[in-house]
A.B. asks: 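Have a look at this one.
Residue indices begin at 1 and follow the sequence shown. Indexing begins at 1, ligand by ligand and atom by atom, following the structure's order. Only heavy atoms go into these numbers, but all of them, side chains included; no hydrogens, no water, no symmetry mates.
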Amino acid sequence: MGFVANTLRLNAEAQTAPLLSVDDLTVSFPTKGGGHNAVVTGLSYQIAQSETLGVVGESGCGKTMTSLSLMGLVPGRGRVTGRIGFEGRDLLQQSEKQWRDLRGREVAMIFQEPMTAMNPVMSVGQQIAEVLKVHEGLGQRDSLDRAIDLLKAVGIPSPAQRARDFPHQLSGGMRQRAMIAMALACRPKLLVADEPTTALDVTIQAQILDLIIELQEETGMAVQFITHNLAVVSELAHKILVMYAGRGVEYATSEQLFDQPLHPYTQGLIQTLPDPDRKVDRLHVIHGSLRVQPAQGCRFASRCPLASDECRAAEPILREVAPGHFVACVKVN
Ligand SMILES: Nc1ncnc2c1ncn2[C@@H]1O[C@H](COP(=O)(O)OP(=O)(O)OP(=O)(O)O)[C@@H](O)[C@H]1O
Ligand code: SF4
Ligand SMILES: [Mg+2]
């Protein structure tokens with residue numbers, strides 16, 4: 001879908017309250033010294049019905065922790081604060097029982113690692129069928145038929161036979177596709193997709209992205225799509241949130257972000273995209289590492305070509321610099 005169509009749809013959706021509204025989300029883990037280490041800090045964004053938000057940023061910047069917060073699945077002693085509004089409810093105030101009703105049916109997630117989401121001792125077809133039985137009230141025959149249809153839709157050959165396999169009998173790529181089928185089975189209101197296609201070959205990737213878009217058009221599903229690959233989100237996302245070291249550093253419509261990236265980190269990411277018109281296909285690299293972070297000031301300063309003393313004085317937070325375009329950089333007016 002083109003940018004213009006995306007934007008028109010975005011504007012139409014903006015009239016209504018967003019389906020998901022994340023405010024000041026922080027995820028932290030206890031440290032050995034008795035303190036807390038925040039891996040996501042003060043994140044705020046919204047997703048409307050029928051809208052796709054792309055979340056991009058390099059490894060370790062907090063994309064998965066943000067997604068797991070939406071599912072009530074932050075591991076271990078992780079502490080989540082802020083507010084996650086979903087259809088008027090605050091997801092951070094849900095009981096475990098309320099979460100069980102919500103997960104899979106209203107909010108579903110495609111995990112980065114498929115085995116975490118699958119039952120190792122139940123056939124793949126039966127697992128999908130169980131979801132359909134519980135949430136859609138289908139009988140055994142109908143739910144299994146639907147499960148086979150879904151396996152076919154995610155590009156699994158001989159789906160009726162594969163449905164009888166257990167997860168460990170499938171290759172990694174097949175398991176990933178089976179998990180996507182399971183997440184889509186209940187037509188959730190919000191789909192959280194964490195790097196769903198990275199491990200798959202290009203044809204299957206395209207097929208799965210098409211399937212997500214098709215289902216979104218049919219059901220009005222909202223999607224949070226996580227990836228480190230900006231090229232993938234450009235195809236799919238209406239809005240994009242760029243994360244760096246646990247913070248949102250730029251948040252805008254896809255059109256704004258690609259036409260006028262404002263944060264130096266985003267500008268660097270866009271330059272890493274292969275340009276079909278460039279004769280010498282040499283990729284621009286953002287030097288440095290996420291691990292080198294200052295005690296105060298802008299977290300990107302050690303890698304930023306524009307950094308100066310001003311940047312190290314206080315941490316910039318997201319502010320709206322044009323309608324709907326937010327950036328966290330002291331040099332942007
Ligand atoms: N169980 C945990 N306890 C403490 N820290 C954790 C735990 N799980 C993850 N982290 C830390 O949280 C930070 C964010 O991790 P997260 O998995 O959200 O990153 P990501 O952006 O999804 O990275 P990737 O692109 O590699 O998947 C990382 O620094 C990671 O080391
Ligand atoms: S605040 Fe300074 S260091 Fe940070 S991104 Fe902007 S220019 Fe670079
Ligand atoms: Mg991750």
A.B. asks: Do you see a donor-acceptor pair shorter than 3.5 Å between the side chains of Asp194 and Thr64?
C.D. replies: yes
A.B. asks: Show the atoms of ligand 1 that are less than 4.0 angstrom away from any heavy atom in Gly60.
C.D. replies: 13 (C), 14 (C), 19 (O), 20 (P), 21 (O), 23 (O), 24 (P), 26 (O), 28 (C), 29 (O)
A.B. asks: Give, for atom CZ of Arg177 and atom CD1 of Ile156, the distance between the pair rounded to the nearest 0.5 Å.
C.D. replies: 6.0 Å
A.B. asks: Out of Gly62, Gly76, Ala38, who is nearest to atom 19 (O) of ligand 1 when you count heavy atoms only?
C.D. replies: Gly62
A.B. asks: Mind checking the NZ-CG spacing from Lys63 to Leu68? Nearest 0.5 Å is all I need.
C.D. replies: 12.0 Å
A.B. asks: What part of Cys329, side chain, backbone, both or neither, has a heavy atom within less than 4.0 angstrom of ligand 2?
C.D. replies: both
A.B. asks: Do Ile128 and Val131 come within less than 4.5 Å of each other through their side chains, counting heavy atoms only?
C.D. replies: no
A.B. asks: Check each atom of ligand 1 against the heavy atoms of Thr64 and keep those under 4.0 Å away; list them by number with element.
C.D. replies: 17 (O), 18 (O), 20 (P), 22 (O), 27 (O)
A.B. asks: Name the orientation class of the two ring planes belonging to Tyr45 and Tyr251 (parallel below 30°, tilted from 30 to 60°, perpendicular beyond 60°).
C.D. replies: perpendicular
A.B. asks: Please state which protein non-hydrogen atom is closest to atom 2 (Fe) of ligand 2 and give its distance, to 0.1 Å?
C.D. replies: Cys311 SG, 2.3 Å
A.B. asks: Can you tell me if Ser21 uses its side chain to pair, donor with acceptor, with the backbone of Pro18 under 3.5 Å?
C.D. replies: no
A.B. asks: Tell me which protein heavy atom sits closest to atom 4 (Fe) of ligand 2, plus the residue, atom name and distance to 0.1 Å.
C.D. replies: Cys298 SG, 2.3 Å
A.B. asks: Quick one: nearest non-hydrogen protein atom to atom 7 (S) of ligand 2, plus distance?
C.D. replies: Lys331 CG, 3.3 Å
A.B. asks: Please check atom 31 (O) of ligand 1 for a protein heavy-atom neighbour under 4.0 Å.
C.D. replies: no
A.B. asks: At a 4.0 Å threshold, what atoms of ligand 1 neighbour a non-hydrogen atom of Met65?
C.D. replies: 8 (N), 9 (C), 18 (O)
A.B. asks: Students should be able to answer this: which protein heavy-atom is nearest to atom 27 (O) of ligand 1, and at what distance?
C.D. replies: Gln112 NE2, 2.9 Å
A.B. asks: Considering non-hydrogen atoms of the protein only, which is the closest contact for atom 4 (C) of ligand 1, and what is the distance?
C.D. replies: Phe29 CG, 3.3 Å
A.B. asks: So for atom NZ, which belongs to Lys152, do other residues, nucleotides or ligands contribute more than 12 heavy atoms lying within a distance under 6.0 Å?
C.D. replies: no
A.B. asks: Looking at the Mg ion (ligand 3), is one of the N, O or S atoms of Thr64 less than 2.8 Å from it?
C.D. replies: yes
A.B. asks: Please report which non-hydrogen protein atom sits nearest to atom 25 (O) of ligand 1, along with the residue it belongs to and the distance in Å to one decimal place.
C.D. replies: Lys63 NZ, 2.8 Å
A.B. asks: If you have a sec, work out which protein heavy atom is nearest atom 1 (S) of ligand 2 and how many Å separate them, to one decimal?
C.D. replies: Val330 N, 3.4 Å
A.B. asks: To check your reading of the model: name the closest protein heavy atom to atom 26 (O) of ligand 1, its residue, and the distance in Å.
C.D. replies: Ser59 OG, 2.5 Å
A.B. asks: Please could you name the atoms of ligand 2 that Ala301 approaches to less than 4.0 Å, counting only its heavy atoms?
C.D. replies: 3 (S)
A.B. asks: Under a 4.0 Å heavy-atom limit, does His263 contact ligand 2 with its side chain, its backbone, both, or neither?
C.D. replies: side chain
A.B. asks: Would Cys304 count as a contact for atom 6 (Fe) of ligand 2, in the sense that one of its N, O or S atoms lies under 2.8 Å from it?
C.D. replies: no
A.B. asks: Check whether any side-chain heavy atom of Phe166 lies under 4.5 Å from a side-chain heavy atom of Val124, and answer yes or no.
C.D. replies: no
A.B. asks: In terms of residue, atom name and distance, what is the protein heavy atom nearest to atom 11 (C) of ligand 1?
C.D. replies: Val39 CG1, 3.9 Å
A.B. asks: For Glu214 and Arg187: C-alpha separation, side-chain torsions, deciding distance, then whether salt bridge (charged side-chain N to carboxylate O under 4.0 Å, His left out) applies.
C.D. replies: CA-CA 11 Å; Glu214 206 178 289; Arg187 301 164 172 255; over 6 Å; no
A.B. asks: For the hydrophobic clusters of this structure (ILVMFWY residues joined by side-chain heavy atoms under 4.5 Å, transitively), does one cluster hold both Trp99 and Ile110?
C.D. replies: yes
A.B. asks: Is the CZ atom of Arg319 crowded by more than 12 outside heavy atoms at less than 6.0 Å?
C.D. replies: yes
A.B. asks: Under 4.0 Å from a heavy atom of Pro264: give me the atoms of ligand 2 that qualify, with their elements.
C.D. replies: 5 (S), 8 (Fe)
A.B. asks: Give me the ring orientation class for His263 and Phe300: parallel if the planes are under 30° apart, tilted from 30 to 60°, perpendicular past 60°.
C.D. replies: tilted
